[in-house]
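Lettering of chains follows the sequences in order, A, B, ..., and the numbering in each one begins at 1.
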Amino acid sequence: AQSVAQPEDQVNVAEGNPLTVKCTYSVSGNPYLFWYVQYPNRGLQFLLKYITGDNLVKGSYGFEAEFNKSQTSFHLKKPSALVSDSALYFCAVSPPRRGDTGRRALTFGSGTRLQVQP
Amino acid sequence: NAGVTQTPKFRVLKTGQSMTLLCAQDMNHEYMYWYRQDPGMGLRLIHYSVGEGTTAKGEVPDGYNVSRLKKQNFLLGLESAAPSQTSVYFCASRPDRMNTEAFFGQGTRLTVV
């Protein structure tokens, strides 16, 4: 079974400082990995994904994520945080192939709340 | 560009009442999902569908039923609501490819009293 862990419930960072939101995963084979952001009272918005190739992927709003196969991690990063980045962030994993029907869903982590202080 | 639309956005039910949540997508996606979001638990998969006329159980299916009679619609039913089903429900859809992202609706906030 696939799983995702986000070890930090909350991350606090000062505006202008770099930020990292951690994610580790467990899945058979090479995974597809995703980051989503959720603003208050809104649905989830797609930020970026890793499929294959370069381990550093760039996404929306200046976010990027680094895939590390040996550490089974996919940490979300941003060089300079903004107050408007404050939100709930979710990491998700999808199995690499359709396989049986039981393995076709995205599995999400528990979420990390990012607070950026002015 | 409607994307994924959920109806209703808010609802308060009494214990034992029934209701149906509707999810509609206009992107011709094969896969559709129902998740529930609870504080500290992230999103947990309730049921999902990999095509019209097919449904499957997810991680937390008890107390819920689903139907996908039309490709664009995925219905989530609560036959006898319980306070433990108080949650925010999200519908999502994506194409029939594992490397694609899912698109989410705005959510339905359900309170069972």
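For Q25(B) (side chain) and M27(B) (main-chain N/O), a donor-acceptor pair under 3.5 Å exists by modelled atom type. Panel note: side chain S87(B), backbone Y89(B); no donor-acceptor pair is recorded below 3.5 Å. Side chain of S94(A) to main chain of Y32(A): no donor-acceptor pair is present (N/O by atom type, distance under 3.5 Å, no hydrogens or angles). R94(B) contributes a side-chain N or O that, together with a main-chain N or O of T100(B), makes up a donor-acceptor pair within less than 3.5 Å. With hydrogens and angles disregarded, no donor-acceptor distance shorter than 3.5 Å links the side chain of Q6(B) to the backbone of L21(B). Judged by distance alone, with hydrogens and angles left aside, the side-chain atoms of H47(B) form a donor-acceptor pair with the main-chain N or O of Y64(B) at under 3.5 Å. For the pair Q6(A) (side chain) and Y89(A) (backbone), a donor-acceptor distance under 3.5 Å is present.
For residues 68-89 of chain B, every residue pair satisfying the salt bridge (Lys or Arg N to Asp or Glu O under 4.0 Å) rule, not counting sequence neighbours, is listed here: E30(B)-K71(B).
Within residues 48-75 of chain A, the residues that have a heavy atom under 4.5 Å from a heavy atom of chain B are K49(A), I51(A), listed by number. Inspection of non-hydrogen atoms places F108(A), G109(A), S110(A) of residues 108-118 of chain A under 4.5 Å from chain B. Of residues 33-40 of chain A, those residues with a non-hydrogen atom less than 4.5 Å from any non-hydrogen atom of chain B are, in numerical order, F34(A), Y36(A), Q38(A).
For the residue pair C23(B) and V4(B), the shortest heavy atom distance occurs at SG-CG1, 3.6 Å.
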**OP:** Begin with the C-alpha distance, continue with both residues' side-chain angles, and end with the deciding distance and a verdict on side chain to side chain donor-acceptor pair (under 3.5 Å) for E15(A) and N17(A).
**Re:** CA-CA 6 Å; E15(A) 188 173 32; N17(A) 283 359; over 6 Å; no

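Note on V60(B) and F90(A): separate hydrophobic clusters, where clusters join Ile, Leu, Val, Met, Phe, Trp and Tyr whose side-chain heavy atoms are under 4.5 Å apart, directly or indirectly.
Interface remark: E59(B) contributes no atoms to any contact with chain A (heavy atom separation under 4.5 Å). Interface remark: R109(B) contributes side-chain atoms only to the contact with chain A (heavy atom separation under 4.5 Å). Of the two parts of L43(B), the backbone and the side chain both hold a non-hydrogen atom closer than 4.5 Å to a non-hydrogen atom of chain A.
Using a 4.5 Å heavy-atom cutoff, the side chains of V66(B) and L75(B) are not in contact.
Aromatic ring orientation, Y31(B) versus Y33(B): perpendicular (interplanar angle above 60°, classes split at 30° and 60°).
To the nearest 0.5 Å, atom CD of residue Q2(A) and atom OG of residue S26(A) are 9.0 Å apart.
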